[in-house]
Amino acid sequence: MNKKVLVTGAKGFIGKHVCLLLKRSGYDVFEYDLNNSENELEAFVKECDFIIHLAGINRPLSIQEFYDGNSNFTKHLIDLVNNSGKKTPIIMSSSIQAELDNDYGRSKKMGEDFLLASNLPIYIYRLKNVFGKWCRPNYNSASATFCYNIAHDLPIEIRYPKYVVHYNYIDDIALEFLRIIQEEKWFGSKDILYVNPSYDCSLGHLAELLYYFKKEVESDHHLPIIHDEFELKLFKTFLDYLSDEGYSFNFAIDERGSFEELYKSKRFGQISENIGKPGITKGGHYHTYKKEIFYTVKGRCEIKQRNINNNNLIENIVNGDNPHLVNIIPYYTHSIKNIGNEDSITLMWISEIYSNETHDTYRMEVDLNEKEN
């Protein structure tokens with residue numbers, strides 16, 4: 001029987017990502033937000049096996065709303081769990097501002113203290129500034145505002161360009177919460193927890209990176225040079241703010257790895273992210289007119305291309321520590337194999353958006369002794 005997880009604040013930025021990941025991972029998810037009733041909350045608490053508490057207030061109309069939405073609601077949630085007679089584990093998303101002397105910080109700290117005083121298995125995470133796709137611009141996130149404005153050629157304002165901001169990436173947060181839920185036993189922690197990795201970036205450098213991404217996406221290269229994980233995650237985030245033409249984006253994951261469409265544009269084509277498990281070969285097809293570029297940013301891969309007419313073979317060994325572009329040639333059937341010991345990440349640009357009507361993709365194995373997936 002699938003475990004049942006209650007997510008408070010399910011419609012928020014973090015909540016949407018967490019709920020989708022839990023559902024993809026086979027959990028039954030009870031989504032609680034402002035549109036739900038108190039009776040629904042009580043029913044969810046009685047039935048669930050785990051609670052991820054994300055609900056909170058950070059932009060109130062009055063100071064009291066900080067305490068009503070953060071500390072008081074947390075206390076109410078604990079009371080509901082106690083009334084249910086269960087010892088339901090709770091993950092709480094707090095904030096590094098709990099270390100500061102302001103109303104938001106104090107209200108989050110009070111919520112932490114309520115949980116620490118309970119006898120429940122608890123996990124309190126002090127999140128840093130969270131960035132990633134679907135974050136609301138011009139609200140409470142400088143990174144989201146910068147991404148949106150630069151993507152849409154709007155001005156940005158930086159008062160303190162050297163000010164360093166500490167960041168967590170949204171997918172890392174969701175995966176960390178999933179890791180806790182997947183543990184066999186939930187003992188909780190009396191320590192304050194943090195999501196790793198985290199990244200430090202000044203506001204000035206953040207803006208420089210985003211302007212660079214915009215320039216490169218609009219150039220003939222279409223892909224920027226990515227130097228580290230933070231830049232890759234920021235680039236993926238930035239593409240979401242460019243991709244507002246109403247397209248749907250495909251995501252697939254299985255034992256071989258994953259494939260995610262990141263960016264689509266009638267003008268610039270499509271960018272996708274391919275993650276391959278060690279030893280896995282993907283591909284085994286050719287195109288007649290579409291152009292592709294592969295750019296491995298993590299891991300070690302072997303990219304093969306074979307001319308379907310004369311069997312001329314081109315082999316490239318690429319390494320994320322020293323990445324370079326590999327042009328995929330029309331009428332060359334091609335594959336990519338992870339030959340390293342860790343997951344590989346390869347960005348793939350194709351000159352036009354994939355569609356069933358004009359797919360221009362034809363199956364043909366590259367190495368007849370090896371079956372591609």
Side-chain angles (χ1 to χ4, degrees), residues 9 11-17 20 56-61 95-97 102 104 127-174 197-249 260-273 295 297 347 349 353:
K11 303 301 182 185
F13 168 44
I14 300 175
K16 287 188 289 187
H17 285 270
L20 284 173
I57 297 291
N58 55 22
R59 291 289 292 269
L61 297 176
S95 167
I96 55 173
Q97 290 205 39
N102 57 48
Y104 176 65
L127 303 182
K128 300 177 181 180
N129 291 271
V130 184
F131 73 103
K133 59 181 178 293
W134 308 337
C135 189
R136 180 178 169 184
N138 301 303
Y139 182 60
N140 65 345
S141 169
S143 63
T145 301
F146 284 9
C147 283
Y148 180 86
N149 285 18
I150 291 172
H152 294 83
D153 298 314
L154 299 173
I156 63 172
E157 180 181 354
I158 308 177
R159 295 182 181 178
Y160 307 104
K162 293 184 179 181
Y163 181 77
V164 175
V165 179
H166 312 293
Y167 290 103
N168 283 131
Y169 183 56
I170 184 63
D171 288 358
D172 294 330
I173 294 170
S198 64
Y199 309 96
D200 295 342
C201 183
S202 70
L203 292 176
H205 185 53
L206 180 73
E208 289 173 358
L209 286 171
L210 295 174
Y211 279 120
Y212 167 65
F213 294 161
K214 181 72 160 29
K215 176 176 70 71
E216 290 299 295
V217 166
E218 294 180 346
S219 73
D220 292 336
H221 311 127
H222 297 286
L223 288 173
I225 302 298
I226 302 293
H227 299 94
D228 54 40
E229 275 191 358
F230 174 70
E231 290 188 10
L232 174 60
K233 292 169 180 177
L234 185 64
F235 180 58
K236 292 167 62 175
T237 301
F238 179 67
L239 291 178
D240 187 62
Y241 293 89
L242 281 174
S243 307
D244 55 1
E245 300 181 41
Y247 300 117
S248 61
F249 291 78
E260 182 176 10
E261 294 178 341
L262 301 177
Y263 168 63
K264 296 180 179 182
S265 168
K266 293 177 181 177
R267 181 180 176 189
F268 301 121
Q270 175 174 320
I271 297 174
S272 302
E273 178 192 57
Y295 187 69
V297 296
L347 296 178
W349 171 78
I353 298 170

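As a basis for the values below, the full set of heavy atoms in this structure was taken, side chains included, without hydrogen atoms, waters or symmetry mates. Nothing here was measured: the structure is a model prediction, and the numbers come from that model. Counting from 1, the numbers follow the sequence of the chain as shown.
For the residue pair Leu203 and Ala142, the shortest heavy atom distance occurs at CD2-CB, 4.3 Å. Considering all non-hydrogen atoms of both residues, Gln270 and Glu261 come closest at NE2-OE2, 3.2 Å. Pairing each heavy atom of Thr237 with each of Cys147, the nearest pair is CG2-SG, 4.2 Å. Closest non-hydrogen pair, Ile156 versus Ala207, comes out as CD1-CB, 3.7 Å. Shortest non-hydrogen contact noted between Pro224 and Tyr212 is CB-CE2, 3.4 Å. Among all heavy-atom pairs drawn from Pro137 and Ala144, the shortest one is CB-O, 3.6 Å.
Atom-to-atom distance recorded for Leu234:CG and Leu209:CG is 6.0 Å, nearest 0.5 angstrom. Annotation: the span from Asn129 atom CG to Tyr167 atom OH amounts to 6.0 Å, rounded to 0.5 Å. Separation of atoms NE2 (His152) and CG (Leu242) is listed at 7.5 Å; rounding is to 0.5 Å. Taking OH of Tyr148 as the reference point, atom CG of Leu154 lies at 6.5 Å (rounded to 0.5 Å). Put simply, CZ on Phe230 and OG on Ser198 are 10.5 Å apart, with the number rounded to the nearest 0.5 Å. How far CD1 of Ile150 is from CG of Leu206: 7.5 Å, rounded to the nearest 0.5 Å.
A donor-acceptor contact shorter than 3.5 Å is absent between the side chain of Asn138 and the backbone of Thr145. Between the side chain of Trp134 and the main chain of Asp240, no donor-acceptor pair closer than 3.5 Å is present.
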Going through the distances and angles, do Asp171 and Lys133 end up as a side-chain contact (heavy atoms from CB on, under 4.5 Å)?
CA-CA 9 Å; Asp171 288 358; Lys133 59 181 178 293; 4.0 Å; yes
Determine whether Val297 and Glu231 satisfy the following criterion, side-chain contact (heavy atoms from CB on, under 4.5 Å), listing intermediate values before the conclusion.
CA-CA 11 Å; Val297 296; Glu231 290 188 10; over 6 Å; no
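Residues Ile14 and Leu127 are in side-chain contact: their nearest non-hydrogen atoms beyond the backbone lie under 4.5 Å apart. Side-chain contact check for Glu273 versus Leu232: some heavy-atom pair is nearer than 4.5 Å. Leu262 places a side-chain heavy atom less than 4.5 Å from the side chain of Leu347.
Between Tyr199 and Phe131, the ring-plane angle classifies as perpendicular under the 30° and 60° cut-offs.
Qualifying salt bridge (charged side-chain N to carboxylate O under 4.0 Å, His left out) partners for Lys233, counting only residues two or more places apart in sequence or in other chains: Asp172, Glu229.
Remark: of the listed residues Tyr241, Tyr263, Phe213, Phe213 is the sole one forming a ring-ring contact (aromatic ring centres under 6.0 Å, His included) with Phe235.
Counting only residues at least two apart or on different chains, the salt bridge (charged side-chain N to carboxylate O under 4.0 Å, His left out) pairs with a member in residues 145-158 are Asp153-Lys214, Glu157-Arg159. Legend: salt bridge (charged side-chain N to carboxylate O under 4.0 Å, His left out) pairs involving residues 198-213, not counting sequence neighbours: none detected.
Counted within 6.0 Å of OH on Tyr211, heavy atoms from surrounding residues, nucleotides or ligands total more than 12; the atom is thus considered enclosed.
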